[in-house]
Every structure is written in C-alpha cells, then in structure tokens.
Amino acid sequence: MKLIPDLIKKITNNEIWRSVFRHGYADTPRNRALQIISNIWLHLHPVKVREHGTKIRFTWCMGGITFFIFLFETITGILLMFYYVPDVNRAYADIVDLMYVVPFGRFLRNSHRWGAHAMVITVSVHMFRVFLTGSYKPPRQFNWVVGVILLVLTFLLSFTGYLLPWDQLGYWAITVGTNMARATPFLGHEGPFSYILGMRPDNDIRFALLGGTAIDAPALLRAYVWHCIAIPVIASALMMVHFWRVRKDGGISGPL
Amino acid sequence: MEVRQEKKGMIELKDDKVFTWPTLVAKEFLAAIFVTVGLLFYSYFVDAPLRELSNPGQAENPAKAPWYFLGLQEVLVYFDPWFAGVVLPSIIILGLILIPYLDNNPKGNGYYTFKERRFAVTTFVFGYIFWYVLIYIGTALRGPFWAFFWPWEKWTHDFPTPPPLHNLPLPLGIILMCGFYFAGLTLPALFKKDFFMKLGIIRYSLTMGLLLTMIGTVIKMVFRLAFNVKFIIATPWINI
Ligand code: HEM
C-alpha cells in the first residue's frame with residue numbers, strides 16, 4: 001500500500017508540474033527553515049517553536065482561528081460592500097436583494113453574519129485559554145492589555161454591523177445599546193450629574209455617537225464607516241502589535 | 001528565549017523546539033479549512049435573520065441588544081442604566097486590563113494549573129460563567145416587557161404583575177454598602193495575612209475592590225429576587 005507516495009509521484013513527475021514548480025522539495029532542516037523565512041506570509045512565525053506551543057490542547061488554536069475569521073470577514077465584507085449602500089432609503093432593499101436576487105448573495109450574507117458571531121465566541125474563548133495558562137504573567141502583561149482592547153473592538157465591530165441591514169432587529173438593538181449612552185454619568189443627558197456639564201439630548205455623548213438625537217441617516221452612515229473602515233483599521237494595527245509581541249515576549253508561553 | 005532570572009540560579013532550558021514547518025503550519029492550515037467548511041456549511045443551511053424594514057414608530061417587544069450584550073441588558077433589570085450600561089462594563093474592561101498587574105503570583109506561568117493559583121482561577125472562571133449565565137437568561141428567558149419565562153413556558157403578554165418593589169431606607173442602605181466594602185477590604189487582610197502581604201496594599205485594595213464589586217452585583221440581584229428591594233441606596237441624584 002503505497003498509494004499516496006505513488007500518487008504524489010504521478011502528480012509531480014511530469015512536465016506540467018515541473019514547468020510550474022521548477023524543482024522538488026527535499027525535506028531537509030535547511031528547507032524547513034527556508035519555507036518560513038522566505039515566505040512573506042509565513043515569516044510571521046519563527047522558524048522553530050517549542051513543541052507544546054504547537055499542541056491544540058495547549059492553545060486550543062483559538063487566537064489563530066480568531067485571526068482567520070477576521071480575514072474571512074474582511075473578504076466576505078468587501079464582497080458585501082459591492083452591493084450595499086448605507087442610505088436609509090436603500091439599505092434594507094439592498095439586503096433584500098442580496099437575499100433574493102444577487103447570485104450567492106444569501107450565502108455571502110449568511111457567512112458574513114455567522115462568521116461575526118463565531119469571532120465573538122472564539123475571541124472570548126481565546127481569552128479564557130490565555131487566562132487558564134497564566135500567559136498574561138511577565139513578560140506578557142502588555143500583550144494581555146492589547147488583547148483586551150481587541151476583545152472590545154471585536155464586540156464593537158459586531159455591534160456596528162448589526163444596524164446596517166436597517167431592519168427592525170438591528171434598529172431596536174442599536175436603540176437599546178445606544179440608549180445606555182444617555183445614562184453615562186456626567187456625559188449623557190439622563191446620567192447622574194449631567195447637569196453639571198449642561199448636557200442636553202442634542203449635545204451629549206449619545207448625540208456624538210449617533211450624529212443626531214434619533215437613529216437616522218447619520219447614525220447609519222456612522223455605523224457603516226466605523227464598521228467597514230475605522231474599526232477594522234484600528235483592529236488590524238493592534239493585531240500587528242499583538243503578534244509582534246507574542247514573538248518578542250519569547251514565543252508562546254510555556255513552562256520553563 | 002529571554003528569561004527573567006534575577007536572583008534565580010541558572011535555569012536549564014529544555015530544547016524542545018520543533019520546526020514550524022510543517023508541524024505548526026499544517027495544523028493552522030487544517031484549522032483554517034475546518035473553520036471555513038464549518039462556516040460555509042452552516043451558512044448554507046441557516047439564514048441570517050432579517051426582519052421587516054425598521055420603523056421608529058413601532059418598537060420591538062422585547063427589544064434586545066445583540067446576544068453578547070444581553071448579559072448587560074439583564075443587569076439592567078437590577079440596576080439603573082448608568083451602572084448596568086456604562087459603569088459596570090467600564091469596570092469590567094478596566095478590571096480585565098489590570099489582571100496581569102494585580103496577579104503577582106509567579107506560579108502557573110505558561111501551563112494549566114488550578115492548585116497553584118486557586119484564587120485567580122476561581123475568581124476568573126466565576127466571572128466568566130456568570131457573564132454567560134446572564135447572557136443565557138437575557139437571550140432565552142426574557143420575553144415581552146422583559147418578563148421572565150422558563151424555557152418550557154410560552155411567551156405571552158399576560159403574565160402576573162410583578163410584586164411591588166421598595167427601597168431600603170437611606171441610612172440602612174449606606175451602612176450596608178459601606179459595611180460590605182469595609183468588611184470585604186479589612187477581614188481578608190486580617191485573617192489571610194500572607195495573601196495581603198504578598199499583594200501589598202495597592203494591589204490588594206484594587207483586587208478586593210474589583211472582586212467585591214463583582215460579588216456585590218450578585219448580592220444586589222439576590223436582594224431583588226428574594227426581598228423585592230429596588231435600590232440599596234436611593235437618593236435624588238443617584239440610585240444603586
Ligand atoms: C482579535 C482578537 C485576537 C486575535 C486575532 C488574537 C490572536 C492571537 C494569536 C494568534 C496568538 C498566538 C497563540 C494562540 O493562538 O493562542 C495570541 C496570543 C496571545 N493573546 Fe491573543 N488574540 C486576540 C485577542 C486577545 C485577547 C482578548 C486577549 C486577552 C485578553 C489576548 C491575549 C493574548 C496573550 C497574552 C497571548 C500570548 C499567549 C501565550 O504566549 O501563550 N488576545 N493571540
């Protein structure tokens with residue numbers, strides 16, 4: 001039974017394959033190192049890692065999966081942007097079109113939606129794992145802090161996306177959410193001590209979030225810009241810091 | 001790998017390193033494939049929700065935030081919005097950020113252990129579970145007008161009127177509240193001296209302050225459910 005080796009030989013031992021890949025891959029330590037070093041995407045990794053760090057039972061793979069879902073959401077999100085216009089007169093109709101008219105539109109929207117939920121779950125499971133392995137302890141304290149900010153950003157990403165379909169579900173969910181801002185101490189017009197700063201419905205923190213006193217066109221545009229541009233950019237920047245720190249702090253944590 | 005080893009002797013570092021390629025990369029690749037297939041499979045069969053066009057004149061009942069915020073919305077039953085919606089989440093975020101600076105137990109760095117960090121693990125796991133229990137209640141057990149329904153009950157609009165709530169008298173409320181934080185801050189320091197000494201006064205106060213706020217939130221809920229107490233402290237300016 002050498003089915004697989006035979007098959008590999010069949011596939012690689014012909015003119016077409018060799019015209020594409022030029023030379024074979026000899027499994028030597030040097031080549032294993034080169035695979036990482038000379039690949040722009042893979043060189044995010046170190047060439048060697050401590051063995052326990054590659055175990056799924058140690059990391060649960062949750063940080064990596066969170067990052068992957070972020071990429072997945074970026075791609076499906078860009079595709080959705082081709083069809084969706086953040087205009088109160090159009091937004092809902094665009095979503096309905098996606099669901100019933102656009103080829104694979106329903107599939108596209110579903111996967112973006114479920115991916116968002118999945119990311120919220122995986123990021124919090126990742127945090128749970130990092131806590132249980134005590135990986136926030138020196139020297140990784142600051143990477144935990146970066147992580148907490150990423151956690152909050154993940155929530156906000158999902159939250160801002162919720163309004164975009166402009167349906168009853170999103171509209172009232174965002175109403176409930178942003179009504180909290182009214183009650184902010186000092187800064188919301190219904191919050192404790194807000195009279196000190198002279199807060200009114202049309203100048204408090206909720207007004208700043210919504211761009212108005214009610215959820216209307218400006219709020220939809222703001223949600224859209226935060227969701228599609230501002231938060232992804234900030235989160236990407238912080239992820240770079242996060243990954244860079246994982247390596248600078250000595251790679252995946254482990255027993256000494 | 002850099003190792004902080006002030007005052008420690010030489011540490012023999014195990015050379016247990018393996019090549020990233022293919023050990024880790026293969027696993028990442030598989031994980032990515034599984035996640036993609038899982039998501040696409042699910043998306044093929046289950047549609048994302050879409051209700052009618054938004055209508056500011058017709059409120060949803062119940063109007064619910066996205067599920068990951070329903071824990072906070074559930075807390076709203078027991079506290080005023082400034083606390084449930086703004087101050088409590090801020091304290092949670094701040095508390096999470098502070099964890100690495102408060103927990104100065106050097107043990108359990110980089111491996112799973114309960115024995116070596118009982119307090120830290122218990123506290124965190126309790127908070128984590130509590131957060132999801134509240135989310136479950138808010139998502140599954142709250143119907144119209146945020147009334148409570150068991151999973152086997154049907155959501156209806158005619159549920160029994162909840163019993164009237166009352167506030168604690170102000171002096172009693174203030175005594176209870178101050179007593180709670182005072183006792184919570186001093187007693188462990190007196191009876192668990194080594195815990196206090198290890199943390200030092202600043203870490204200790206912050207840790208206990210956060211812990212007491214978490215426990216206090218639970219206690220307030222119990223007060224409401226068991227004794228129909230609306231507010232522990234009720235003043236014209238602020239209610240807790
Ligand atoms: C968008 C969100 C996040 C992404 C994409 C992300 C990604 C990652 C990845 C890929 C790793 C490598 C190890 C692993 O996969 O477990 C990692 C490690 C780490 N993450 Fe995250 N993370 C995120 C959020 C968080 C959060 C919320 C926290 C904590 C509050 C956190 C704290 C850490 C720490 C301390 C490490 C080092 C762990 C160790 O060395 O064992 N991260 N993260």
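Scope of the values below: all heavy atoms of this structure, side chains included, with no hydrogens, waters or symmetry mates. Fair warning: this is a prediction, and the values are worked out from it, not measured in the lab. Chain letters run A, B, ... following the sequence lines, proteins first and then strands; every chain starts at 1.
Both the backbone and the side chain of B:Y112 have a heavy atom closer than 4.5 Å to some heavy atom of chain A. In this structure, the portions of B:N105 lying under 4.5 Å from any heavy atom of chain A include both its backbone and its side chain. When heavy atoms are compared at a cutoff of 4.5 Å, B:Y44 approaches chain A by way of both its backbone and its side chain. Using a 4.5 Å cut-off between heavy atoms, B:Q73 touches chain A through its side chain atoms alone. For a residue to count as touching a neighbouring chain, one of its non-hydrogen atoms must lie under 4.5 Å from one of that chain's; by this rule B:V121 touches chain A with backbone and side chain alike. Within the 4.5 angstrom heavy-atom criterion, only side-chain atoms of B:Y132, from C-beta onward, approach chain A. For B:T113, the part lying near chain A is the backbone, with the side chain staying farther off; criterion is any non-hydrogen pair under 4.5 Å. Contacts between A:V49 and chain B at a heavy-atom distance below 4.5 Å involve backbone atoms as well as side-chain atoms. When heavy atoms are compared at a cutoff of 4.5 Å, B:L76 approaches chain A solely by way of its side chain, counted from C-beta outward. Contact of A:F159 with chain B is made through backbone and side chain together, with heavy-atom distances under 4.5 Å. Proximity to chain A involves both the backbone and the side chain of B:V46, based on heavy atoms less than 4.5 angstrom apart. With a 4.5 Å cut-off on non-hydrogen atoms, A:L42 touches chain B through its side chain but not through its backbone.
Under the 3.5 Å distance criterion, the side-chain polar atoms of B:Y42 are left unmatched by any main-chain donor or acceptor of A:N110. Remark: side-chain polar atoms of B:W21 are not paired, donor with acceptor, to backbone N or O of A:L34 under 3.5 angstrom. Looking at B:K27, its side chain does come within 3.5 Å of a backbone N or O of A:T54 through a donor-acceptor pair. Using a distance-only test at 3.5 Å, with no hydrogens or angles considered, no donor-acceptor pair links the side chain of B:E52 to the main chain of A:Q168. Side-chain atoms of B:T20 come within 3.5 Å of backbone N or O of A:P46 as a donor-acceptor pair. At distances below 3.5 Å, not a single donor-acceptor pair connects side-chain atoms of B:K64 with backbone N or O atoms of A:A173.
When each of B:T36, B:D47, B:V35 is checked for heavy-atom pairs under 4.5 Å with chain A, B:D47 comes out on top.
Summarising the local packing, CZ of B:F148 is surrounded by more than 12 heavy atoms from other residues, nucleotides or ligands at distances under 6.0 Å.
Of all heavy-atom pairs between B:P49 and A:D167, the closest is O-OD2, 4.4 Å. The shortest non-hydrogen separation linking B:V86 to A:A183 is CG2-C, 4.3 Å. Counting all heavy atoms, side chain and backbone alike, A:W172 lies closest to B:Q58 at NE1-O, 3.3 Å. Of all the heavy atoms in B:A48 and A:R109, the pair that sits closest is O-NH1, 3.6 Å. A:G134 and B:N109 make their closest contact through O-OD1, 3.5 Å (heavy atoms, listed as atom of the first residue, atom of the second, distance). Closest of all the heavy-atom pairs between A:S124 and B:Y128 is O-OH, 2.9 Å.
In summary, the side chains of B:S54 and A:W166 do present a donor paired with an acceptor at a separation below 3.5 Å, with no hydrogens or angles considered. Looking at B:D103 and A:Y136, their side chains do bring a donor and an acceptor atom within 3.5 Å of each other.
Between A:F58 and B:Y111, the ring centre distance reaches or exceeds 6.0 Å.
By the 6.0 Å and 45° rule, B:R117 stacks over the aromatic ring of A:F131.
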